[in-house]
Student: 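Handing you a structure now.
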There are 2 protein chains.
Amino acid sequence: MSVAPADEEQLAGGNLVSTAVGAITQHIRTNELGPGDRLPSEATLSKELSVSRSVVREAFRSLATMRLIDLNVGKRATVAQLDHGAMSLMIEHGVHTAQININQVYDVRRTIEMRTSTLAALRRTDAEARIILGHAKAMETNFADADKVMESDLAFHLEIARASKNPIFSIIVGAFQGVSRQTWPIGWRSRASDAERHAMNRIHIELAEAILAGDPQAASQLMARHFDESAKALLAAGIA
Amino acid sequence: MSVAPADEEQLAGGNLVSTAVGAITQHIRTNELGPGDRLPSEATLSKELSVSRSVVREAFRSLATMRLIDLNVGKRATVAQLDHGAMSLMIEHGVHTAQININQVYDVRRTIEMRTSTLAALRRTDAEARIILGHAKAMETNFADADKVMESDLAFHLEIARASKNPIFSIIVGAFQGVSRQTWPIGWRSRASDAERHAMNRIHIELAEAILAGDPQAASQLMARHFDESAKALLAAGIA
DNA sequence: TTTATAAAACCTGTCCGACAGGTTGAATTG
DNA sequence: CAATTCAACCTGTCGGACAGGTTTTATAAA
């Protein structure tokens with residue numbers, strides 16, 4: 001319940017807020033808190049660290065923006081479930097400030113998702129396999145509504161990451177969703193014909209079936225093909 | 001210079017700080033700011049958004065903790081260079097709250113770093129290749145000092161990521177450094193003999209040479225072997 | 001006119017106090 | 001013993017204040 005007093009002197013970057021952030025994360029660790037567990041109140045921390053409530057607030061808010069903790073008015077702060085929020089903001093920041101380009105995003109996604117499809121084929125539950133196949137089929141069903149196709153596509157990829165049973169993969173795949181929402185329509189439009197678009201949907205379905213069949217090699221290769229063709233389409237659209 | 005007034009109504013989560021965070025990131029995007037560019041002052045934003053300075057401060061501080069912006073006393077906030085700070089905090093949070101285990105970290109690292117070594121072999125400059133080889137050799141040179149070996153090991157992996165010329169890979173590899181610093185000694189100790197430890201160093205040198213030689217297949221396979229053997233060592237140490 | 005210096009204006013970091021609500025747990029009451 | 005009420009807590013937001021650090025402006029010197 002109390003913050004370890006000896007650890008107050010974090011390797012903080014000069015300002016008190018960093019110190020407070022360190023103290024809070026330290027508190028989580030030393031007390032082995034898990035998602036949902038409550039943190040000390042602002043006033044308590046303020047007293048224990050001998051800093052003003054403002055400093056503690058800024059620390060709490062920072063951790064909340066990163067989704068490491070949850071804040072609720074009236075209630076105490078709680079430890080949060082893992083979430084891709086922070087990484088999403090970071091990736092989008094990188095793209096918007098021209099420090100990351102779309103090809104680099106695609107390369108990372110391809111690398112990660114070849115692995116998630118492999119793992120999904122090995123570890124998916126039947127229910128997960130059905131959901132994945134459902135998303136793939138929804139893309140074809142809603143063919144005329146590009147927005148719905150996109151959302152199903154995103155959900156498809158995320159569900160595969162979930163089925164890999166490694167939350168880090170889910171976070172990374174999730175983190176790219178924001179950027180993907182902006183580039184997806186470009187890829188869709190840049191396909192030369194509806195035939196090509198149907199072909200893309202076909203790959204999704206085959207991939208879902210490979211995962212359902214528990215065939216990791218096939219799943220991985222289909223994912224690679226999917227990304228290669230998407231990259232080609234994007235290239236055709238002039239995204240160097 | 002001014003915040004787009006129509007965008008003030010972000011999809012904010014009820015609280016004003018989220019709104020402010022959205023307004024600031026929006027400002028960066030609409031004005032196409034890059035690293036080093038200055039942001040409006042707290043007072044300015046406070047007026048434009050019609051919120052108190054406290055709210056703007058918490059928003060700024062949140063973005064600073066995520067390393068999206070840099071704060072300096074007296075100076076205006078500036079757009080920050082991409083950095084793995086936010087992701088590191090997130091990963092460490094996940095590990096410490098038992099939402100992520102070490103095997104999952106290793107799987108992600110293996111996946112990512114097989115790719116970075118492939119790319120490094122293809123894209124590295126001569127200078128980068130020399131630095132990578134230098135880190136590998138330093139591991140053997142400082143064999144007796146485990147701490148130095150570890151730091152060279154970490155630097156080795158990070159430099160390979162840099163040589164891949166994809167900043168996202170650098171970020172991800174960097175994000176795992178904090179966790180790795182905690183698990184590395186376990187792996188080092190769990191090696192059965194000094195011979196095994198030398199063998200591990202040997203792989204690093206061979207990998208560096210593969211990258212120097214521009215052989216992506218060899219580099220990738222050596223990286224895979226490295227991770228497989230590390231995983232084995234960790235397993236032997238009882239890390240399920 | 002140009003340059004160097006000094007002053008003013010600006011800016012962030014931190015603290016304090018205040019008040020509106022939302023939440024929680026304990027005392028009171030039926 | 002259960003339901004209700006109330007007091008204590010807690011967070012969200014605001015405003016003001018002051019110590020430094022920084023930038024710009026104005027002034028003086030060369």
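Just so it is clear, the structure is predicted and the values come from calculations on it, not from any experiment. Chain letters run A, B, ... following the sequence lines, proteins first and then strands; every chain starts at 1. Hydrogens, waters and symmetry mates play no part in the numbers below; they use all other heavy atoms, side chains included.
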Student: Quick check for you: among D:dT11, C:dG13, C:dC11, whose closest atom lies nearest to any side-chain atom of B:R57?
Tutor: C:dG13
Student: Could you list the residues that satisfy salt bridge (charged side-chain N to carboxylate O under 4.0 Å, His left out) with A:R123, not counting sequence neighbours?
Tutor: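 A:R123 satisfies salt bridge (charged side-chain N to carboxylate O under 4.0 Å, His left out) with no other residue.
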Student: Nearest whole Å is fine: how far is D:dT11 P from A:I69 CD1?
Tutor: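 Going from A:I69 (CD1) to D:dT11 (P), I get 10 Å.
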Student: In this structure, how many angstroms lie between the C1' atom of C:dG17 and the CD atom of A:E42, rounded?
Tutor: 15 Å
Student: 5'-most contact on DNA chain C: A:G74 or B:L39, nearest heavy atom basis?
Tutor: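 Result of the comparison: B:L39.
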Student: Heavy-atom count around A:K137 NZ within 6.0 Å, excluding the residue itself: above 12?
Tutor: no
Student: Is there a side-chain contact (heavy atoms from CB on, under 4.5 Å) between B:H135 and B:H157 once you walk through the steps?
Tutor: CA-CA 9 Å; B:H135 289 312; B:H157 287 274; over 6 Å; no
Student: Please state how far atom CG in A:L71 lies from atom P in D:dC9, giving the value in whole angstrom units.
Tutor: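 Checked: the CG to P distance equals 21 Å.
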Student: What is the separation between atom CG on A:N72 and atom P on D:dT13, rounded to the nearest whole Å?
Tutor: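 Whole-Å distance recorded here is 13 Å.
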Student: For the side chain of B:V73, counting heavy atoms from C-beta on, which of D:dG20, D:dC14, C:dC15 is nearest?
Tutor: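 Within the option list, the nearest is D:dG20.
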Student: Side chain of B:N15: nearest nucleotide among D:dT11, C:dC16, D:dT13?
Tutor: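 Out of D:dT11, C:dC16, D:dT13, the nucleotide with an atom closest to B:N15's side chain is D:dT13.
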Student: Taking atom P of D:dT11 as reference, at what distance in whole Å does atom CD1 of A:I24 sit?
Tutor: 11 Å
Student: Base, sugar-phosphate, or nothing for B:S41, non-hydrogen atoms under 4.0 angstrom?
Tutor: sugar-phosphate
Student: Counting only side-chain heavy atoms from C-beta out, which of C:dC16, D:dC10, C:dG13 sits nearest to B:R61?
Tutor: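 My answer, after comparing the listed nucleotides, is C:dG13.
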Student: Just call it for A:R38: base, sugar-phosphate, or nothing, with non-hydrogen atoms closer than 4.0 Å on any strand.
Tutor: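 Contact class for A:R38: none.
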Student: Any salt bridge linking B:E128 with B:R162? Criterion: basic side-chain nitrogen under 4.0 Å from a carboxylate oxygen.
Tutor: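 Salt bridge between B:E128 and B:R162, a charged N being under 4.0 Å from a carboxylate O: no.
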Student: Could you tell me how far apart B:E58 (CD) and D:dG15 (P) are, to the nearest whole angstrom?
Tutor: 14 Å
Student: Base of D:dG16, side chain of B:R53 - is there a donor-acceptor contact under 3.5 Å?
Tutor: no
Student: Applying the side chain to side chain contact (heavy atoms under 4.5 Å, CB included) criterion to B:Q104, which one of B:D107, B:N101, B:V108 satisfies it?
Tutor: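 The option that passes is B:N101.
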Student: Round to the nearest Å and state the distance from B:L16 atom CG to D:dT11 atom C1'.
Tutor: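 Those two atoms, CG and C1', are 13 Å apart.
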Student: With the side chain of A:K75 defined as its heavy atoms from C-beta on, choose the nearest nucleotide among C:dT24, C:dG13, D:dG15.
Tutor: C:dT24
